[in-house]
Amino acid sequence: MALTIHAGKNLNSLFVTNENAAARRAAEKGQREGNKSSIFAGDLGVGPDKIQIKRQQAQKKAMKIVGDTFTAEKEIDQSLTDMADRLDALQKEGYEYHKELERITENRNELQENYGVTDESEEHADLELLRKERKANEPGSKVTLDYEETKRLEKIHEKGLTGYQTDMLELDEQQAVNEKNLSETESQIQSIRASLNDTAIERLKSNPMIEAQKEADKLMEAANKEIIGDLMDEGKKHIEEKMEEEKEQAEKRAEEKEEQEEKEEAAKERKAEMEQFIEGTKQQAEAKKEELPSERDQEQMAAYNDPNNSETEAAKEIAEILDELKLIQDDIKGAAVDSNL
């Protein structure tokens with residue numbers, strides 16, 4: 001069965017057309033309106049309410065897809081903003097660490113100048129040995145001290161550190177702390193920059209919002225196809241039910257027509273039998289009239305008037321036949337009326 005779905009501006013105006021029925025009924029303009037080939041969706045099992053429910057469910061899913069993507073994108077945007085803010089703060093911190101390291105270098109030069117110590121002096125050489133000792137004592141250090149250096153350090157500690165050496169070693173500690181902080185800051189800066197660059201590259205490859213909208217459109221298209229499919233199934237079922245109903249009605253009309261024809265045929269046969277009976281009765285009546293005695297025949301008349309005479313019985317029989325003939329004529333009229341019903 002060929003079915004066509006016609007859609008108006010919205011799915012609520014969808015209606016189904018049986019193309020075969022349309023072609024057939026176009027040639028049968030005298031058919032009653034119940035034989036129409038176009039079926040409004042509201043006449044089917046899938047009414048406007050069900051269509052609207054399916055549309056709303058699909059719209060809800062589509063909006064969720066777009067909404068979830070939008071929310072995710074907003075979270076990414078906020079994350080990027082946070083990373084950018086953090087990057088700015090780290091860069092400022094790094095700048096401060098650089099400034100502090102420059103200040104430590106300047107202080108070291110001032111100390112050396114104020115104490116009047118040169119790089120070639122023994123005091124400065126002992127400072128460098130003390131620095132080496134510190135590095136050797138660091139966890140996992142590969143720096144080692146030989147025997148002579150160890151003996152020299154024992155004498156230095158036994159004698160005690162000079163002001164120059166103490167101040168210089170304190171600046172070294174400050175420098176180590178700032179260098180460590182600077183290193184960690186620069187590592188975070190590199191990590192954030194890499195994340196920002198990766199996100200920017202990914203966004204250049206695709207637009208999540210556009211993809212989400214496409215997915216939502218596909219979902220709505222699929223829902224519309226499903227609704228149309230349901231309408232086609234219901235339309236087919238509806239048309240088949242209509243055709244079955246029409247078939248049953250046609251069979252019933254054919255049976256009624258056959259019964260009517262049988263009644264008419266029976267009425268015709270009864271009428272013919274009545275006419276034949278009437279004709280025979282008329283002939284019998286005429287024959288009996290001819291057999292009646294003449295009035296001029298006095299003897300026969302006297303015998304006719306005799307109540308004991310059998311001829312009187314014949315007259316009565318003729319009267320009864322005539323009465324019956326009248327009844328038969330009335331029956332014939334009634335049969336004619338029945339045949340016209």
Side-chain angles (χ1 to χ4, degrees), residues 69-208:
T69 303
F70 178 77
T71 301
E73 286 299 296
K74 290 293 289 182
E75 290 177 354
I76 293 174
D77 289 341
Q78 185 60 49
S79 177
L80 292 175
T81 300
D82 293 342
M83 284 192 290
D85 292 342
R86 179 57 179 161
L87 178 62
D88 184 61
L90 289 171
Q91 288 175 335
K92 290 180 179 179
E93 289 179 10
Y95 175 76
E96 293 299 325
Y97 292 139
H98 277 293
K99 294 291 290 182
E100 184 64 18
L101 290 172
E102 290 178 357
R103 183 189 65 78
I104 290 172
T105 301
E106 291 176 358
N107 289 342
R108 186 180 286 115
N109 294 331
E110 288 179 0
L111 280 175
Q112 189 173 0
E113 183 178 352
N114 291 337
Y115 280 107
V117 178
T118 61
D119 293 340
E120 293 80 14
S121 65
E122 181 179 349
E123 187 177 4
H124 186 76
D126 290 342
L127 174 62
E128 293 297 331
L129 186 57
L130 290 169
R131 286 173 173 171
K132 184 176 181 181
E133 180 186 29
R134 281 190 172 185
K135 290 183 179 179
N137 291 332
E138 291 176 357
S141 175
K142 296 181 180 180
V143 177
T144 59
L145 298 171
D146 57 24
Y147 178 78
E148 292 180 357
E149 289 174 335
T150 303
K151 289 297 183 179
R152 178 61 183 169
L153 285 170
E154 290 177 358
K155 291 179 180 180
I156 294 174
H157 288 297
E158 183 179 354
K159 184 177 59 175
L161 277 61
T162 65
Y164 168 75
Q165 293 169 346
T166 301
D167 291 342
M168 281 294 192
L169 291 175
E170 184 179 349
L171 290 175
D172 288 348
E173 290 177 0
Q174 294 178 11
Q175 180 176 350
V177 171
N178 280 274
E179 286 178 347
K180 180 182 179 182
N181 291 338
L182 179 60
S183 177
E184 292 176 353
T185 300
E186 290 178 344
S187 178
Q188 292 183 52
I189 289 173
Q190 291 177 359
S191 178
I192 291 174
R193 283 177 174 171
S195 296
L196 292 173
N197 290 335
D198 292 342
T199 303
I201 291 172
E202 288 300 319
R203 284 191 161 183
L204 289 174
K205 292 180 180 179
S206 63
N207 189 320

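All of these numbers come straight from a predicted model, not from anything done at the bench.
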**OP:** Check each of Glu128, Glu158, Glu122 against Arg152 using the salt bridge (charged side-chain N to carboxylate O under 4.0 Å, His left out) test, and report the only one that passes.
**Re:** Glu122

**OP:** Let me see the working for Tyr115 and Thr162 under side-chain contact (heavy atoms from CB on, under 4.5 Å), right down to the final yes or no.
**Re:** CA-CA 10 Å; Tyr115 280 107; Thr162 65; over 6 Å; no

**OP:** Output the distance between atom CG (Asp167) and atom CG (Asp172), rounded to the nearest 0.5 Å.
**Re:** 11.0 Å

Original post:
Is the closest side-chain heavy-atom distance between Gln112 and Asp119 below 4.5 Å?
Top reply: yes

Original post:
Does the pair Asn178 and Gln175 meet the rule for a side-chain contact (heavy atoms from CB on, under 4.5 Å), with working shown?
Top reply: CA-CA 5 Å; Asn178 280 274; Gln175 180 176 350; 5.9 Å; no

Subject >> Residues Gln174, Arg103; criterion side-chain contact (heavy atoms from CB on, under 4.5 Å); working and verdict >> reply: CA-CA 10 Å; Gln174 294 178 11; Arg103 183 189 65 78; 3.4 Å; yes

**OP:** Flag the pair Glu73 and Arg203 as a salt bridge only when some basic side-chain nitrogen lies within less than 4.0 angstrom of an acidic carboxylate oxygen.
**Re:** yes

**OP:** Could you point out which residue of Lys135, Arg134, Arg131 forms a side chain to side chain contact (heavy atoms under 4.5 Å, CB included) with Val143?
**Re:** Lys135

Original post:
What's the spacing between Gln78 CD and Thr71 OG1 if we round to 0.5 Å?
Top reply: 13.0 Å

Original post:
Using the ring of each side chain (for Trp, its six-membered ring), is Tyr164 parallel, tilted or perpendicular to His124, with breaks at 30° and 60°?
Top reply: tilted

Subject >> Flag, side chain of Glu149 to backbone of Asp146, donor-acceptor distance under 3.5 Å >> reply: yes

Original post:
Taking NZ, NE, NH1 and NH2 as the nitrogens, is one of them in Lys92 or Asp88 under 4.0 Å from a carboxylate oxygen of the other?
Top reply: yes

Subject >> Side chain Ser183, main chain Glu179, donor-acceptor under 3.5 Å >> reply: no

Original post:
Minimum heavy-atom separation for Pro208 to Ser206, with atom names?
Top reply: CD-O, 3.5 Å

**OP:** Answer yes or no: is there a donor N or O on one side and an acceptor on the other, between the side chain of Gln91 and the main chain of Ile189, under 3.5 Å?
**Re:** no

Original post:
In Å, rounded to the nearest 0.5 Å, how long is the span from CG of Leu171 to OG1 of Thr166?
Top reply: 11.0 Å

Original post:
How far does CG of Asp126 sit from CD of Glu133, to the nearest 0.5 angstrom?
Top reply: 11.5 Å

Subject >> Short side-chain to backbone donor-acceptor contact, Thr81 and Asp77, under 3.5 Å >> reply: yes

**OP:** Decide, yes or no, whether a salt bridge links Glu96 with Lys99 under the criterion of side-chain N to carboxylate O below 4.0 Å.
**Re:** no

**OP:** Measure the CE-CG distance between Met168 and Leu161 for me, rounded to the nearest 0.5 Å.
**Re:** 13.0 Å

Original post:
Any ion pair linking Lys205 and Glu202 (charged N to carboxylate O, less than 4.0 Å)?
Top reply: yes

Original post:
Is there a donor-acceptor contact under 3.5 Å from the side chain of Thr185 to the main chain of Asn181?
Top reply: yes

**OP:** Decide side-chain contact (heavy atoms from CB on, under 4.5 Å) for Leu127 and Leu169; before the verdict, give the C-alpha distance in whole Å, the side-chain angles of both, and the deciding distance to 0.1 Å.
**Re:** CA-CA 8 Å; Leu127 174 62; Leu169 291 175; 3.9 Å; yes

**OP:** First locate atom CG of Leu87, then atom CG of Asp82, and finally report the distance between them rounded to the nearest 0.5 Å.
**Re:** 12.5 Å

